Amino acid sequence: NQLAWLDVLSGPIETHVLDIAVSEAGLVGAVGQFRGFVDLDPGPGEFYVAGPGVDDGFVVVFDTRGSFLSGGAVGGPGNDTVEGARFMEDGRLIISGNFSDVADLNPGLSEEAPFSSRGSSDDFVASLDPTLDADWIQVAGGDALDFVRAIDVSAGGGIFVAGGYGPFMEFAANGTTFRFNSWGSDDSFLWNLDLDGEFEWAGRIYSTESNGIEALVAPGVGELILAGTFRGGADLDFGVPEFVLSSAGEGDVFVARVLD
């Protein structure tokens with residue numbers, strides 16, 4: 001039970017870590033949100049990133065000894081964050097998060113990748129190379145508040161993202177638009193992309209009041225484990241037929257196994 005290494009990232013205001021990921025080679029990635037600026041190099045060196053907005057997202061990668069390898073930020077004048085991270089088998093880092101207004105969603109240094117949100121907050125997924133430059137970026141959202149809560153990569157290579165939306169959600173789907181509406185104030189979505197960022201499918205959970213997928217694990221090929229909460233009546237089956245339950249209290253918990 002000996003401490004092998006410990007890193008501290010600090011800035012003058014607030015810095016929050018929201019997820020971590022470990023590659024097959026033992027690299028450690030961390031993502032989150034900061035305000036103002038933050039030094040992403042915990043060693044004797046410095047690697048400052050500054051946020052132009054209220055809150056911005058950061059990405060940082062350490063080697064097996066905790067030494068800084070690469071870092072970057074995403075954001076713009078609004079409120080932006082990186083919520084999730086997972087390493088691919090080839091070493092690429094997949095990140096997911098939320099952005100508002102106009103935001104640069106490429107944390108690397110090669111070139112900016114500005115995207116404009118349709119609503120008060122939209123969602124993004126990006127694939128990053130070892131220097132944290134984006135290989136591809138995909139966005140989705142509606143005209144209100146949309147958010148990402150969980151991400152995982154399956155053994156078969158599929159990328160799965162879960163979050164919430166309302167009153168509707170749209171995805172770019174192979175040259176067309178895939179859309180669904182919400183029943184209640186907030187409903188949940190499940191978004192599947194392939195390794196190249198192309199849309200595979202999307203599903204949703206409906207409720208008369210609200211629901212949310214809070215955790216997601218893809219333990220094997222064609223299999224997902226989800227956990228979340230719901231209030232009121234909710235259709236907890238992504239497919240057909242419906243599987244409708246009503247919450248006993250102000251908010252009940254569900255755990256589900258979904259076969260792709």
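Being a predicted model, the structure only gives us computed values, none of them experimental.
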Practice task
Could you check if a side-chain atom of I213 sits within less than 4.5 angstrom of a side-chain atom of F254, using non-hydrogen atoms only?
Solution key: yes
Practice task
Check for a donor-acceptor pair, side chain of T208 on one end and backbone N or O of G233 on the other, with a separation under 3.5 Å.
Solution key: yes
Handout entry: Side chains of W136 and V125 in contact at under 4.5 Å (non-hydrogen atoms)
Key = yes
Exercise for the section: Compare all side-chain heavy atoms of P219 with those of I225 and state whether any distance is below 4.5 angstrom. Expected result: yes
Exercise for the section: Report yes if some heavy atom in the side chain of D123 is under 4.5 Å from a heavy atom in the side chain of M169; otherwise report no. Expected result: yes
Exercise for the section: Before accepting this row, confirm whether a basic side-chain N of the pair D143/R118 lies closer than 4.0 Å to the acidic partner's carboxylate O. Expected result: no
Practice task
Would you check if the side chain of S182 reaches a backbone N or O of P167 as a donor-acceptor pair within less than 3.5 Å?
Solution key: yes
Problem - Steps toward side-chain contact (heavy atoms from CB on, under 4.5 Å) verdict (D7, F62) - result: CA-CA 9 Å; D7 287 338; F62 308 108; 3.5 Å; yes
Handout entry: Basic-acidic side-chain contact under 4.0 Å: D235, R204
Key = no
Problem - Matching residue for L9 among V17, D41, V60 - test: side chain to side chain contact (heavy atoms under 4.5 Å, CB included) - result: V60
Practice task
Check whether any side-chain N or O of D122 sits under 3.5 Å from a backbone N or O of D146 as a donor-acceptor pair, and report yes or no.
Solution key: no
Exercise for the section: Would you kindly confirm whether V161 and V153 end up in one hydrophobic cluster when ILVMFWY residues are joined by side chain heavy atoms under 4.5 Å apart? Expected result: yes
Practice task
To the nearest 0.5 Å, tell me how far L27 CG sits from L69 CG.
Solution key: 6.0 Å
Problem - Under 3.5 Å donor-acceptor, N192 side chain and I159 backbone - result: yes
Practice task
Provide the closest heavy-atom pair for A126 versus I137 in the form atom of the first, atom of the second, distance.
Solution key: CB-CG1, 3.9 Å
Handout entry: Any donor-acceptor N/O pair, D252 side chain to R231 backbone, under 3.5 Å
Key = no
Completion exercise
Nearest heavy-atom contact between L224 and A218 is CD2-CB, 3.6 Å
Exercise for the section: Please answer: with hydrophobic residues joined when any side-chain heavy atoms are less than 4.5 Å apart, are W191 and V148 in the same cluster? Expected result: yes
Handout entry: Pairwise distance CD(Q33) to OG1(T15) - rounded to 0.5 angstrom
Key = 9.5 Å
Exercise for the section: Decide if atom CD of E89 counts as having more than 12 heavy atoms of other residues, nucleotides or ligands within a radius under 6.0 Å. Expected result: no
Exercise for the section: Measure across P130 and S70 and return the closest heavy-atom pair with its distance rounded to 0.1 Å. Expected result: O-OG, 3.3 Å
Exercise for the section: State, to 0.1 Å, how close A134 and L128 come at their nearest heavy-atom pair, and which atoms those are. Expected result: CA-CD2, 3.8 Å
Practice task
Mind running side-chain hydrogen bond (donor to acceptor under 3.5 Å, both in side chains) on N211 and S188 for me, showing each step along the way?
Solution key: CA-CA 6 Å; N211 69 79; S188 298; 2.4 Å; yes
Problem - Atom pair CZ (F68) and CG (D63), whose distance is rounded to the nearest 0.5 Å - result: 11.0 Å
Exercise for the section: Look only at the side chain of S120 and the backbone of A144, and say whether a donor-acceptor pair between them is shorter than 3.5 Å. Expected result: yes
Problem - Close side-chain approach of F171 and F180, heavy atoms under 4.5 Å - result: yes
Practice task
Begin from the C-alpha positions of V54 and R35 and carry the test side-chain contact (heavy atoms from CB on, under 4.5 Å) through to its verdict.
Solution key: CA-CA 6 Å; V54 178; R35 182 171 296 181; 4.1 Å; yes
Practice task
Give, for atom CG of D135 and atom CD1 of I94, the distance between the pair rounded to the nearest 0.5 Å.
Solution key: 8.0 Å
Practice task
With the side chain counted from C-beta on, respond yes when D133 and N106 share a heavy-atom pair under 4.5 Å apart, and no when they do not.
Solution key: yes
Handout entry: Same apolar cluster (I L V M F W Y, side chains within < 4.5 Å links), V139/F189
Key = no
Completion exercise
In this structure, CD of E112 is separated from CG of D104 (nearest 0.5 Å) by 4.5 Å
Practice task
Ignoring hydrogens and angles, tell me if any N or O in the side chain of S23 forms a donor-acceptor pair with the backbone of G91 under 3.5 Å.
Solution key: no
Problem - Closest contact, heavy atoms only, G75 versus D56 - result: CA-OD1, 3.1 Å
Exercise for the section: For the residue pair S207 and D187, establish whether any side-chain heavy-atom pair is separated by less than 4.5 Å. Expected result: yes
Handout entry: Main-chain N/O of G57 paired with D80 side-chain donor or acceptor, under 3.5 Å
Key = no
Problem - Ring centers of F115, F124 separated by less than 6.0 Å - result: no
Problem - Heavy-atom neighbours of I13 CD1 exceed 12 at 6.0 Å - result: yes
Handout entry: Check: S116 and V102 side chains under 4.5 Å, non-hydrogen atoms
Key = yes
Fill in the blank from the handout: So CZ of F37 and OG of S10: to nearest 0.5 Å the spacing works out to 9.0 Å
Problem - Expected output: side-chain D90 to main-chain R92 donor-acceptor under 3.5 Å - result: yes
Problem - Atom of G29, atom of F87 and distance for their closest heavy-atom approach - result: N-CE1, 3.7 Å
Problem - Single-linkage hydrophobic cluster, 4.5 Å side-chain cutoff, V61 and V82 together - result: yes
Exercise for the section: Begin with the C-alpha distance, continue with both residues' side-chain angles, and end with the deciding distance and a verdict on side-chain contact (heavy atoms from CB on, under 4.5 Å) for V258 and F160. Expected result: CA-CA 12 Å; V258 178; F160 296 91; over 6 Å; no
Problem - Joint hydrophobic cluster, V59 plus L40, side-chain heavy atoms closer than 4.5 Å - result: no
